[in-house]
Each structure stands twice: as C-alpha cells, then as structure tokens.
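A short worksheet on the structure shown next.
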Number of protein chains: 2
Amino acid sequence: MIATRTTRQRDVIAHVLEGAEGPLAVNDVHGRALSDLPGLGIATVYRTLKLLTEQGRIHPVTLDGETLYEASGKGHHHHFSCTRCGRVFTLHTCPVALPRGTVYPGGFIVEAHEVTLYGQCPQCAAAPA
Amino acid sequence: MIATRTTRQRDVIAHVLEGAEGPLAVNDVHGRALSDLPGLGIATVYRTLKLLTEQGRIHPVTLDGETLYEASGKGHHHHFSCTRCGRVFTLHTCPVALPRGTVYPGGFIVEAHEVTLYGQCPQCAAAPA
DNA sequence: GTTTCTGCAAAAAGTTTGCAGATTC
DNA sequence: GAATCTGCAAACTTTTTGCAGAAAC
C-alpha cells in the first residue's frame, strides 16, 4: 500500500478550495495558491486535484465547458453562473423535488440531479449596465 | 460582409446533429459524418460546429467534462444521462418553475436554467444488474 | 473568374508523465 | 535512511490556424 504524505502544497491547495465562494478552475486554484506558495508548479496542482478527488475531499463540476473543483461536504447544493462577471456561486436552495428513485416521464429512474442557474449575481445586478 | 456557402460537409454535419437522439461529442459527429463523407477532416468538423453555433442552428452542452452539440429549435428541454450505458437523452418535461426574472434567494436574478438528471434509462432499468 | 471552403500539416492550449533532487516520516 | 513528493521539461491530447488546391457562386 502506498502511503500518502502531508505536504505544504497539498494543505495550501485544499485550503484554497475550502475557502472559495464557489467552484474554481485549475488556473484559479493555481493562482490563489501561488500567493501562499510562490513557485508552485501547475503539474503539482493537477496531481493534487486528482488526489483530493480520489480521496473524496473535493469533486469536479463541469460548467460551460470548463472543469471546476469544489470542496466536498457542503451538502446538497447547486450553482449560479453570472453571465456578466463569469463567477460561479454556490446556492443552498434547491428548486427541484426529485428524490432518488423518482420515475421521470418516459421511464427514467432518477438517482441524482444537477441544476445550474444563469443570470446576474447581486453585485452585477446592482452595477450600471 | 463575408458570404457563407452551402457545402456537402456542412449539410452532412448539420444533418447528423438533427437526426441524433441527443447531444453528440465532436468525435461522434465526425464518426457518423464519415459514413456519408469519407475523408472528412476533423478540422472541418470543428470549424463547422463553430459556424453552426454562431448561426444558432446548434448549440453546445457541457456534460461530465465533455462538450456535446445538439440541434437548436427543440424547445425548452433538459438532459438525462444514464449512469449505466452513458447515453444522453433529451427530456421534454421540465422539473423547475423559474421564469426569467425570478429572484433567487441571495439576490440572484435568474435568466436561464439547466437541469441534468442522472440515473437509469428505461432500457438499462429493465436489464438485469 | 473570384471568393470561400476543405484537408493536411504545423501550431497552440491544456493535461499527464518521467526523472532527479527535495521533503516527509 | 527510505519512501513519497515536487518542479521542470518532455510527451500527449484536444482544438485552432496557415496554406495550397478544390468547390461554390
């Protein structure tokens, strides 16, 4: 069995994701981690994101063709993508009632669902067009 | 103004997407188009998908990290991704009531929404585990 | 006949892998 | 001290671009 070690790189990357307001792209993770750890290589970011995903501490979210990562354990939630600033936010209110096992019209058995809302975030909505 | 011409490649690619049961990956589009048009280059597929997208005849859908394309004009719909066979189906029943302009908790102004359901398609549900 | 397209090959962009030195246990 | 990481550079994969010949108008 291969042991996995605690390193500053892994701590910083996990911390960046845990403190984020929503899921982040690989580049954002790298950028934010660089302030705490100048010199951090992008390859390490990829390797660590993969490791943390295998450990279940984070998980990938695909949005608009990009793969983003977010910390796990935030409970059932969805995402809001701002069409003006491009930021992605986490929403804790769920707009659908589809418990596991629901049979959807057509005979599809639902095990899970994902919802993404698009529009203007509070900041952009308040800013002049 | 740049004129855009009608070519066999564009017809075939548009036709492949219009006849598909759900959104297709670039490779699937290429593969299916090849039977009608041996020798079709992948670069042409990329260029044509981009052109058709700009014309609004098709649009991209991102699912599980892959970019798929589907014909437009199918009305409001969502997708069901089968966790067993991996196929993606189009659903015409919408499980959410979020008209444009709805203000979501937190002050997010909703312009559009996307829903993806995961589970077992009718065929897989009927097949033995 | 002129302009726009296509296929090929080269170039970019994004992600993964091999390796030697650094770090953790 | 031994095993596991990290950064760098090279290798891959996926998507885009340049160009000369082919096709559309």
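Proteins come first, then strands; the chains are lettered A, B, ... in the order of their sequence lines, and each starts at number 1. Here the structure is a predicted model, which is why all the values come from computation and not from measurement.
- A:T67 places a side-chain heavy atom less than 4.5 Å from the side chain of A:T62.
- Whole-Å rounding puts the A:L51 CG to C:dT16 C1' distance at 15 Å.
- Residues meeting the ring pair (Phe, Tyr, Trp, His ring centres under 6.0 Å) test with B:H77, sequence neighbours left out: B:H79.
- The list of salt bridge (Lys or Arg N to Asp or Glu O under 4.0 Å) pairs with a residue in residues 29-58 of chain A, not counting sequence neighbours, reads A:E18-A:R57, A:E21-A:R32.
- Residue B:L98 is found in a hydrophobic cluster whose other members, listed by chain and number, are A:F80, A:F89, A:L91, A:V96, A:L98, A:Y104, A:F108, A:V110, A:V115, A:L117, B:F80, B:F89, B:L91, B:V96, B:Y104, B:F108, B:V110, B:V115, B:L117; membership requires side-chain heavy atoms under 4.5 Å apart, directly or through intermediates.
- Overall, the helix from C:dG1-D:dC25 to C:dC25-D:dG1 carries an axis bend of 30° between its ends, with five pairs at each end and the value rounded to 10°.
- With sequence neighbours excluded, no residue satisfies side chain to side chain donor-acceptor pair (under 3.5 Å) with B:H30.
- Atom P of nucleotide C:dT6 and atom NE2 of B:H30 are separated by 12 Å, given to the nearest angstrom.
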Anything under 3.5 Å between a protein N or O and an N or O of nucleotides 21-25 of chain C, put it in a table, one pair a line.
residue : atom : partner : partner atom : Å
C:dT24  : O3'  : A:T6    : O            : 3.4
C:dT24  : O2   : A:R5    : NH1          : 2.6
C:dC25  : OP1  : A:T6    : N            : 3.4

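- Contacts of residues 11-20 of chain B with DNA chain C (heavy atom under 4.0 Å): none.
- Remark: A:T53 engages no residue in a side chain to side chain donor-acceptor pair (under 3.5 Å) (not counting sequence neighbours).
- Take A:T83 and apply the side chain to side chain donor-acceptor pair (under 3.5 Å) test, not counting sequence neighbours, and it matches B:E111.
- Side-chain atoms of B:L17 and B:Y69, non-hydrogen and from C-beta on, do get closer than 4.5 Å to each other.
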Can you check each nucleotide of nucleotides 14-21 of chain D against protein heavy atoms at under 4.0 Å and return B for base, S for sugar-phosphate only, - for none, in 5' to 3' order?
SSBBB---
Step by step, work out the side-chain contact (heavy atoms from CB on, under 4.5 Å) result for B:V45 and B:L40.
CA-CA 8 Å; B:V45 175; B:L40 173 65; 3.8 Å; yes
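- Close to D:dA23, at under 4.0 Å from its OP1 or OP2, lies no side-chain N or O of B:Q9.
- Residue pairs meeting the salt bridge (Lys or Arg N to Asp or Glu O under 4.0 Å) criterion with at least one partner in residues 84-106 of chain B, sequence neighbours excluded, are absent.
- Residues meeting the side chain to side chain donor-acceptor pair (under 3.5 Å) test with A:R8, sequence neighbours left out: none.
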If you apply the rule side-chain hydrogen bond (donor to acceptor under 3.5 Å, both in side chains), what do you find for B:H113 with A:H78, and how did you get there?
CA-CA 11 Å; B:H113 67 266; A:H78 296 298; over 6 Å; no
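- At least one side-chain heavy atom of A:R10 sits under 4.5 Å from a side-chain heavy atom of A:T7.
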